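This report refers to the structure that appears directly beneath it.
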2 protein chains.
Amino acid sequence: MDETDRKIIELLAEDSRRALADIGAVVGLAPSSVNERIRRLTASGAIRRFTVDTDPAALGLPMLVYLWLALREDADEAAFRRFAASHRRVLECHHVTGAWSYLVKLRVGAVTEIESVLAELKAGRFLGRSETVIVLSSAVAGPHVPAPGV
Amino acid sequence: MDETDRKIIELLAEDSRRALADIGAVVGLAPSSVNERIRRLTASGAIRRFTVDTDPAALGLPMLVYLWLALREDADEAAFRRFAASHRRVLECHHVTGAWSYLVKLRVGAVTEIESVLAELKAGRFLGRSETVIVLSSAVAGPHVPAPGV
DNA sequence: GCTGAAAAGGTAATTTT
DNA sequence: AAAATTACCTTTTCAGC
């Protein structure tokens, strides 16, 4: 992972369909050499996948919501993690420092869906306390990659 | 944006290098028709860009951090948003409901960088109060797309 | 939206440094 | 060991239907 690899990743992040010859022209390598580096970067896991950044609103998920969670004392934490990992609306779920134990990022189509998620968390006996934070607007939005199997 | 478009986006999210013929075989269209739909989805903005999902640790950014911010009473909010949008370590920045005004997602190489960011926020006279939340582990990590020009 | 031909681009073996 | 060249072959693209 040298400076050239980093530059290649940066160019691919901007546009992963850019031709190998174009990338090569920027970093000063032949197309086949660029190809070989991309192959290595993918094999090593530095590049996880080639994907698309989409407009969540166009996909019917205009609302971004964060949930702070404190799990129940007796909650099955592994089961909670599986629940989060398999939930279509959960984009991220992080175990965090501080007063709350988990930070969950959700994308939903409407406010009513937030209640459904909270109900599911209750039904799974995961939920101790929670706080819902709704995103009003984003100065930096971040990419949106739709989950498979939705 | 019909069910076929959604399926195409889902397949591209999984692997955006998949051949048009392969995608066509799944959704029941000829390669040229898939191509035309992707062209329209890109033109309409539903697909923002073709990109790569990377391993942040491999790129030297193993730490994920959230910052809750309350801006100073006299802060220039537009300037703050520009600051966030142009900062290499700021992955997301959301104006949110609740006790805090902004939620900022950061990726850093080490804890010392968090202090740098807070110092920059102070220097810009943006920072009222803040709370730093460090991610210990992620049940659902979300994609990482490196910022351009880093 | 499909077909089929033309153009472009990706891939891999071989040679070179 | 890494990169360039070359040739091959898959894939995209575009005209016409």
Side-chain angles (χ1 to χ4, degrees), chain A residues 1-61 143-150, chain B residues 1-62 109 143-150:
Chain A
M1 170 73 62
D2 59 9
E3 207 40 60
T4 302
D5 283 336
R6 255 181 285 275
K7 187 68 191 172
I8 289 172
I9 287 178
E10 190 189 307
L11 292 167
L12 290 175
E14 263 176 50
D15 177 10
S16 65
R17 289 201 297 187
R18 186 177 257 138
L20 299 180
D22 283 4
I23 296 171
V26 176
V27 301
L29 285 176
S32 63
S33 305
V34 176
N35 194 35
E36 174 58 17
R37 279 176 179 261
I38 292 174
R39 197 197 57 71
R40 271 206 307 271
L41 288 168
T42 307
S44 74
I47 295 174
R48 290 185 172 140
R49 60 175 165 171
F50 284 70
T51 187
V52 283
D53 175 17
T54 62
D55 177 4
L59 293 160
L61 298 169
H144 178 71
V145 175
V150 178
Chain B
M1 169 74 63
D2 59 10
E3 208 39 61
T4 302
D5 283 335
R6 256 182 284 275
K7 186 69 189 169
I8 289 172
I9 286 178
E10 190 190 307
L11 292 168
L12 290 175
E14 263 177 48
D15 177 10
S16 65
R17 289 202 296 188
R18 186 176 259 141
L20 299 179
D22 283 4
I23 297 170
V26 176
V27 301
L29 285 176
S32 63
S33 304
V34 175
N35 195 31
E36 174 59 17
R37 277 175 181 260
I38 292 174
R39 197 198 58 72
R40 270 193 279 114
L41 287 167
T42 307
S44 74
I47 295 173
R48 290 184 171 141
R49 59 175 167 172
F50 284 71
T51 188
V52 282
D53 176 15
T54 62
D55 177 4
L59 293 161
L61 299 170
H144 177 71
V145 176
V150 179

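Quick caveat, the model's predicted, so the values are computed rather than measured. Note on naming: letters A, B, ... go to the chains in the order of the sequence lines (proteins, then strands), and numbering restarts at 1 for each one.
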>> Taking 4.0 Å as the cut-off, does a side-chain nitrogen or oxygen of A/Ser32 come that near to OP1 or OP2 on D/dA3?
In response: no
> Can you check the B/Asp22 CG to D/dT10 P distance for me, whole Å?
Replying inline: 13 Å
>> Rounding to an integer number of Å, can you tell me how far B/Ile8 CD1 sits from D/dT12 P?
In response: 13 Å
>> So B/Arg39, base contact, sugar-phosphate only, or nothing? Heavy-atom distance under 4.0 Å.
In response: nothing
> D/dT6 P sits how many Å from A/Asn35 CG, rounded?
Replying inline: 18 Å
>> As a quick check of understanding, evaluate side chain to side chain contact (heavy atoms under 4.5 Å, CB included) for A/Leu41 and A/Met1, giving each step before the final call.
In response: CA-CA 8 Å; A/Leu41 288 168; A/Met1 170 73 62; 3.7 Å; yes
> Does the pair B/His144 and B/Leu59 meet the rule for a side chain to side chain contact (heavy atoms under 4.5 Å, CB included), with working shown?
Replying inline: CA-CA 10 Å; B/His144 177 71; B/Leu59 293 161; 4.2 Å; yes
> Whole-Å distance between D/dT10 P and B/Arg18 CZ?
Replying inline: 19 Å
>> Taking the nucleotide of DNA chain C with the nearest heavy atom to each, does B/Asp2 or B/Arg17 sit closer to the 5' end?
In response: B/Asp2
> Roughly how far apart are A/Ile23 CD1 and A/Asn35 CG, rounded to 0.5 Å?
Replying inline: 9.5 Å
>> Please report the distance, rounded to the nearest Å, between CG in A/Leu29 and P in D/dA3.
In response: 6 Å
> Charged N to carboxylate O under 4.0 angstrom, A/Arg40 versus A/Glu36?
Replying inline: yes
> Is A/Asp2 salt-bridged to A/Arg37, going by a charged N under 4.0 Å from an acidic O?
Replying inline: yes
>> What is the separation between atom CG on A/Leu20 and atom C1' on D/dT11, rounded to the nearest whole Å?
In response: 13 Å
>> Main chain of A/Arg49, side chain of B/Asp53: is a donor-acceptor contact present, judged purely on distance under 3.5 Å?
In response: no
>> Using a 4.0 Å cut-off to any heavy atom of chain A, which nucleotides of DNA chain C are the first and last in contact, reading 5' to 3'?
In response: C/dG10 to C/dA12
